Every structure is written in C-alpha cells, then in structure tokens.
Amino acid sequence: DIANNEPIQTPQFTAETPTQWNLSWTMQNGIDIVVDPSDTNGIHGLQPLRSRIQIVVDQEPTVVVSDPEQDEVVTNKAILSTLIEARDDLALVSIGMRVDRQQRSGEPTPKSILKKEVVVGLVESELRDSMDLSTMDVKSGDTLLLRGMAQDQFETEGKKRQAVLSEPRRIRIVDQDVFEQNIRQQTNILRQSVARLETSQKETIEEKEITNLIQSQKGISDRIDQAQ
C-alpha cells in the first residue's frame, strides 16, 4: 500500500503457464507489486519483479447553470431559456436539469415541478432547453430553484454515486405590476451607471488635456531659456 507504506497482502499462487499468472482484486490505493517466482525445487530468480500501480481517484463531475446567468424576476407567463454545462474527469453518464418550487404556506416541503435528464457518454456536455412557466403550477409569490444535474460512471459495490447538483439559480415569480416596476428600477440604475461613466470619461479627457497643455508650456519655456 503506497499510501501507508505497508504490505496489504502476500498471495501465493500457482502459475497457469511458465510465463503467465492471473490475479485480480479490488484496489483502493496505489500499490507496489513484488513478484518472486520459484520453481518446484524452490529455486528463485535472480531478483524479484517489481511494478508500481498508481490509483487516480475518480472525482465527482462539476455542473453549473450558465443560463440564466443570474437570479431572475419574472411573471408566471414567462418562457425562460436554460443552459446546463457539466464536465467529468473520465466520462459523464447523464446531464439534466431540475426545478423545485419552494414550499408555500402550509406545505411541508418544496415541490418538484420539472426534471429532465439525457444520457451522454462524453467528458463534457451541455443541455439547452426552455421553461414555459405558464404550463407549470406557479403563481405570484413563488420562488423556483433551477439546478443542473450530472452523473458519472463511478460505482462501488454495485451502487452508483448520486447525481451531483449545481448551485441553484433563483427565479422569483411576481405579478405584472411588480415586474414592470422592477424593469423601471433596473433601467434607472443602468442610466445612472451610464451617466457616471460619461462623467468619468469627460474628467479623464479634461485631465489629459490639462496635462498636455502644461507639458507644452514647459517645453516652450525650456526652449526660451536655452535661446537666451
């Protein structure tokens, strides 16, 4: 066992042919294999055969919601485009998306309202789709949690690893008046940002012009001093 620097087992077995030995077991850590064959008279080779097998841990897949790029505020009539991106160090088995509605007053748990999954066999993959909220059980005041899902090939003792879920993208459902108010607020914020940027650019231009003027005046003064 390379990790603990201890022997894990010292099996003895009979060769099937003079040049072939078969041995199989489940490896959990990297190991050094030392083979010291002997014949029926107990005569060993000149030196044992040594080989090292390194174990690379199968990492969990990574998955993100790339679209929407941020949390959204929409009405229950909206149609949202979605993009889920996933990657694995070996190979993905599936990629998908899941939408849960946070529990309403009186409900014990969140409710799953959408789940899609497709089979893949690639190191990286993406799932493009859309959500038509008008066809779902949602209303003003609800909050939806959109997550990406990804599962790889890893399994142990016949059991597959659970699918990995991405960080959620929050989608808040509001009525039309609140939605329009939110749009106006975002528009005002954008206008203020543009105004600040224009002011900053103007100040930068003025500072540059003043600096150029000072340098020009200094150059003229230096030439006059040299001419006297």
Side-chain angles (χ1 to χ4, degrees), residues 1-9 11 20-35 49-74 78-103 109-138 142-173:
D1 186 335
I2 296 175
N4 301 312
N5 197 28
E6 295 178 354
I8 53 175
Q9 50 186 335
Q20 179 180 338
W21 302 272
N22 290 335
L23 179 64
S24 64
W25 73 99
T26 300
M27 296 178 59
Q28 302 296 337
N29 297 306
I31 62 170
D32 285 325
I33 297 178
V34 181
V35 180
L49 304 175
R50 299 178 180 272
S51 178
R52 169 167 288 193
I53 301 179
Q54 298 281 4
I55 297 297
V56 177
V57 178
D58 185 2
Q59 302 292 334
E60 289 185 341
T62 58
V63 57
V64 295
V65 178
S66 297
D67 188 18
E69 297 181 352
Q70 59 188 5
D71 295 344
E72 295 283 355
V73 177
V74 298
I79 299 178
L80 295 176
S81 61
T82 60
L83 172 60
I84 309 299
E85 295 181 305
R87 182 179 179 85
D88 188 59
D89 53 348
L90 298 178
L92 295 165
V93 170
S94 65
I95 181 174
M97 59 180 283
R98 165 178 153 183
V99 180
D100 297 317
R101 191 198 72 213
Q102 288 189 335
Q103 63 261 46
T109 59
K111 179 181 179 181
S112 177
I113 60 175
L114 178 64
K115 186 175 182 180
K116 293 184 179 180
E117 193 171 7
V118 295
V119 176
V120 295
L122 305 171
V123 172
E124 57 183 287
S125 183
E126 64 179 36
L127 174 63
R128 292 183 180 274
D129 210 316
S130 62
M131 300 189 329
D132 186 352
L133 300 187
S134 66
T135 64
M136 301 180 183
D137 179 22
V138 297
D142 287 340
T143 298
L144 307 182
L145 302 179
L146 168 63
R147 294 182 175 94
M149 303 187 303
Q151 188 166 32
D152 63 3
Q153 298 175 335
F154 178 85
E155 64 177 62
T156 179
E157 298 180 355
K159 296 181 179 180
K160 292 186 177 296
R161 179 158 53 195
Q162 288 187 345
V164 174
L165 296 177
S166 71
E167 289 296 318
R169 193 73 74 219
R170 296 179 179 272
I171 302 170
R172 188 162 63 94
I173 312 300

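Worth saying up front: this structure is predicted, and the values here are computed from it rather than measured. For reference, positions follow the sequence shown, starting with 1.
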side-chain contact (heavy atoms from CB on, under 4.5 Å) between Thr143 and Arg101, worked out: CA-CA 6 Å; Thr143 298; Arg101 191 198 72 213; over 6 Å; no
Evaluation steps, side-chain contact (heavy atoms from CB on, under 4.5 Å), between Val164 and Asp152: CA-CA 9 Å; Val164 174; Asp152 63 3; over 6 Å; no
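- The line from CD of Gln102 to CG of Asp142 is 9.0 Å long, rounded to the nearest 0.5 Å.
- Contact detail for Ile84 and Gly96: the closest heavy-atom pair is CG2-O, 3.7 Å.
- Heavy atoms only, all atoms of each residue included: Leu165 and Met149 are closest at CD2-CG, 3.3 Å.
- Rounding to the nearest 0.5 Å places OG of Ser94 at 10.5 Å from CG of Leu127.
- Between the Gln151 side chain and the Arg161 main chain, a donor and an acceptor come within less than 3.5 Å of each other.
- Proximity of a side-chain donor or acceptor of Asp89 to a complementary backbone N or O of Gln59 within less than 3.5 Å is detected.
- Not one N or O on the side chain of Ser130 forms a donor-acceptor pair closer than 3.5 Å with the backbone of Ser81.
- Salt-bridge check for Arg128 with Asp67: failed, with every basic side-chain N at 4.0 Å or more from each acidic carboxylate O.
- Within the model, atoms CD of Glu155 and CG of Asp58 stand 11.0 Å from one another, a figure rounded to the nearest 0.5 Å.
- Of the inter-residue distances, the one linking Leu144 atom CG with Leu114 atom CG reads 9.5 Å to the nearest 0.5 angstrom.
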Stepwise side-chain contact (heavy atoms from CB on, under 4.5 Å) check, Leu122 with Leu92: CA-CA 6 Å; Leu122 305 171; Leu92 295 165; 5.7 Å; no
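- The distance from atom OG of Ser166 to atom CD of Glu85, rounded to the nearest 0.5 Å, is 11.0 Å.
- Side chain of Arg169 to main chain of Val65: a donor-acceptor pair is present (N/O by atom type, distance under 3.5 Å, no hydrogens or angles).
- Side-chain contact, Gln103 with Thr109: no donor N or O sits under 3.5 Å from an acceptor N or O.
- Side-chain atoms of Asp71 come within 3.5 Å of backbone atoms of Arg170 as a donor-acceptor pair (strictly under, hydrogens ignored).
- Here the side chain of Thr135 pairs a donor or acceptor atom with the backbone of Asp132 at under 3.5 angstrom.
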side-chain contact (heavy atoms from CB on, under 4.5 Å) between Lys116 and Asp129, intermediate numbers included: CA-CA 9 Å; Lys116 293 184 179 180; Asp129 210 316; 3.0 Å; yes
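- Among Val99, Ile113, Val74, the single residue meeting the side chain to side chain contact (heavy atoms under 4.5 Å, CB included) criterion with Met131 is Val99.
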